[in-house]
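Read through the structure below, which is laid out as structure tokens, and then see the notes.
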2 protein chains.
Amino acid sequence: MKMSNGVEWALHSCVTLSQSREPVPAARLAELHGTAPAYTAKQLQALSRAGIVGSTMGQSGGYVLTRPASEISALEVVRAIDGDEPAYRCTEIRQRGPLGIPAERCARPCAIARAMAAAQDAWSHALAQVSIAGLAADIDADSDGTAMPDVRRWLATTRN
Amino acid sequence: MKMSNGVEWALHSCVTLSQSREPVPAARLAELHGTAPAYTAKQLQALSRAGIVGSTMGQSGGYVLTRPASEISALEVVRAIDGDEPAYRCTEIRQRGPLGIPAERCARPCAIARAMAAAQDAWSHALAQVSIAGLAADIDADSDGTAMPDVRRWLATTRN
DNA sequence: ATGATCTCGGATATCTATTGTCCGAGTTCT
DNA sequence: AGAACTCGGACAATAGATATCCGAGATCAT
């Protein structure tokens, strides 16, 4: 079970965007994070499709969060990048083989699928309670309150 | 985020093995579940390496659970097949780019990594409380108590 | 004791999905 | 009106999972 690598980039991008009211181009985010520009852009496109960020085209364009950072959960970001399909998909093994159960008696999902779904719900619930604003605050606290001001300052800097 | 498809096969195999004290060959399990024989064998090898099942070679050999089914958690099976690496891996983006934080000040994991780890812990905790015996009981209950007796009867049948 | 048969185990191709990249359409500012 | 900069989707390369096969080893029957 492996999550897309782009989730990390997307979450960092959202945290960074939460520090700017002005649009930030994808290339700028890639430069700040030290990530591949083209691929970073791809993740931002996914966020845009999901409605988490809004895009402005043309000169002085870029991406902005569409909602307050406190109202965007980490779960939304993960789902936007990694897809919202559950990690476990039941192939209905119980219906196959010599002891296959007829589909009519399979109203409820398989017990194994139920257990996996419950685990995924616990995972989702944990991520739903983490907001971008909370992440930004935690990152800031880890650096004794210097990280986010530094980001704001760097974003305000005109591209040399 | 997608889990290996073999997890489903492995869990069903464990539930089936919990109904037999005699060794069951991999080919037999594949036949019962309607799965590809060669690939099913591969999953059982992984379970064997993890110590969840024991193997007996030669004629009338096969696989057996090494512990009571009530003491084997679904989490162990998932880890044996899908690997025990966490779904989210931090690339330490905070150390990169123009605002990169020096490694010496990165004693704690990144706040984003912490949130993801907490979610994964919630997921693991949920699966750790599900035992193979519990799954067998639930599957049995879903079929009004006919499923597991049917499996025992089928396993006792000599291969024509 | 010996042979034959059946078992697992690891090494080996195929294939899908993720990763990574590029260029065109559209918009904004000058 | 022109030019430069932006996003957006379409296009290769790569890694991992999927699926398979054959050899090593043990057991049972003879």
Side-chain angles (χ1 to χ4, degrees), chain A residues 1-10 13 17 20 22-31 33-66 78 80-83 85 87-89 91 158-160, chain B residues 1-10 13 17 20 22-31 33-66 78 80-83 85 87-89 91 158-160:
Chain A
M1 189 175 61
K2 156 172 171 296
M3 185 177 310
S4 171
N5 212 352
V7 169
E8 184 184 9
W9 304 12
S13 293
L17 286 177
S20 169
E22 306 290 318
V24 182
R28 209 84 208 290
L29 288 170
E31 181 190 359
H33 296 147
T35 54
Y39 196 42
T40 303
K42 191 179 173 65
Q43 315 300 344
L44 287 169
Q45 286 169 30
L47 292 178
S48 175
R49 242 172 292 164
I52 296 173
V53 303
S55 62
T56 313
M57 295 187 83
Q59 203 162 345
S60 77
Y63 291 98
V64 193
L65 294 182
T66 57
V78 171
I81 303 297
D82 209 54
E85 311 165 8
Y88 180 88
R89 279 141 311 158
T91 334
T158 67
R159 187 165 336 141
N160 63 313
Chain B
M1 188 176 60
K2 158 171 170 295
M3 185 178 311
S4 170
N5 213 351
V7 169
E8 184 183 10
W9 304 12
S13 292
L17 286 177
S20 169
E22 307 289 320
V24 182
R28 210 84 206 292
L29 288 169
E31 181 190 359
H33 297 146
T35 55
Y39 197 41
T40 302
K42 189 179 176 60
Q43 316 298 345
L44 288 170
Q45 286 169 29
L47 292 178
S48 175
R49 242 172 293 165
I52 296 173
V53 303
S55 62
T56 313
M57 295 187 83
Q59 203 161 343
S60 78
Y63 291 98
V64 194
L65 295 182
T66 57
V78 171
I81 302 297
D82 210 52
E85 310 166 9
Y88 180 88
R89 281 141 311 160
T91 333
T158 68
R159 187 164 333 137
N160 58 312

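Throughout, a chain's letter reflects where its sequence line sits, starting with A, and its residues are numbered from 1.
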Where is the tightest heavy-atom contact between [X] and [Y], given as atom of each residue plus distance?
{"X": "B:T40", "Y": "B:A30", "answer": "OG1-CB, 3.8 Å"}
{"X": "A:M3", "Y": "A:V78", "answer": "SD-CG1, 4.3 Å"}
{"X": "B:S4", "Y": "B:I81", "answer": "OG-CG2, 4.2 Å"}

If I take atom [atom1] in residue [X] and atom [atom2] in nucleotide [N], what distance separates them, rounded to the nearest angstrom?
{"X": "A:Q59", "N": "C:dG26", "atom1": "CD", "atom2": "P", "result": "19 Å"}
{"X": "B:I81", "N": "D:dG16", "atom1": "CD1", "atom2": "C1'", "result": "16 Å"}
{"X": "A:E22", "N": "C:dT28", "atom1": "CD", "atom2": "P", "result": "15 Å"}

Please check the phosphate of D:dT27 (OP1 and OP2 only) for any side-chain N or O of B:S60 closer than 4.0 Å. no
Scan nucleotides 8-23 of chain C nucleotide by nucleotide, 5' to 3', and note B when protein non-hydrogen atoms come under 4.0 Å of the base, S if they reach only the sugar-phosphate, - if neither. BBB--------SBB--
Can you tell me how far apart CD (A:E8) and OG1 (A:T35) are? Round to the nearest 0.5 Å. 9.5 Å
Please report the interatomic distance NE2(A:H33) to CH2(A:W9), rounded to the nearest 0.5 Å. 11.0 Å
Side chains of A:R89 and B:K2: closer than 4.5 Å at any heavy-atom pair? yes
Axis deviation across the helix from C:dA1-D:dT30 to C:dT30-D:dA1, five-pair ends, to the nearest 10°: 20°
Contacts table for residues 42-63 of chain A: side-chain donor-acceptor under 3.5 angstrom, sequence neighbours left out:
from  : atom 1 : to    : atom 2 : distance (Å)
A:Q43 : NE2    : A:Y39 : OH     : 3.4

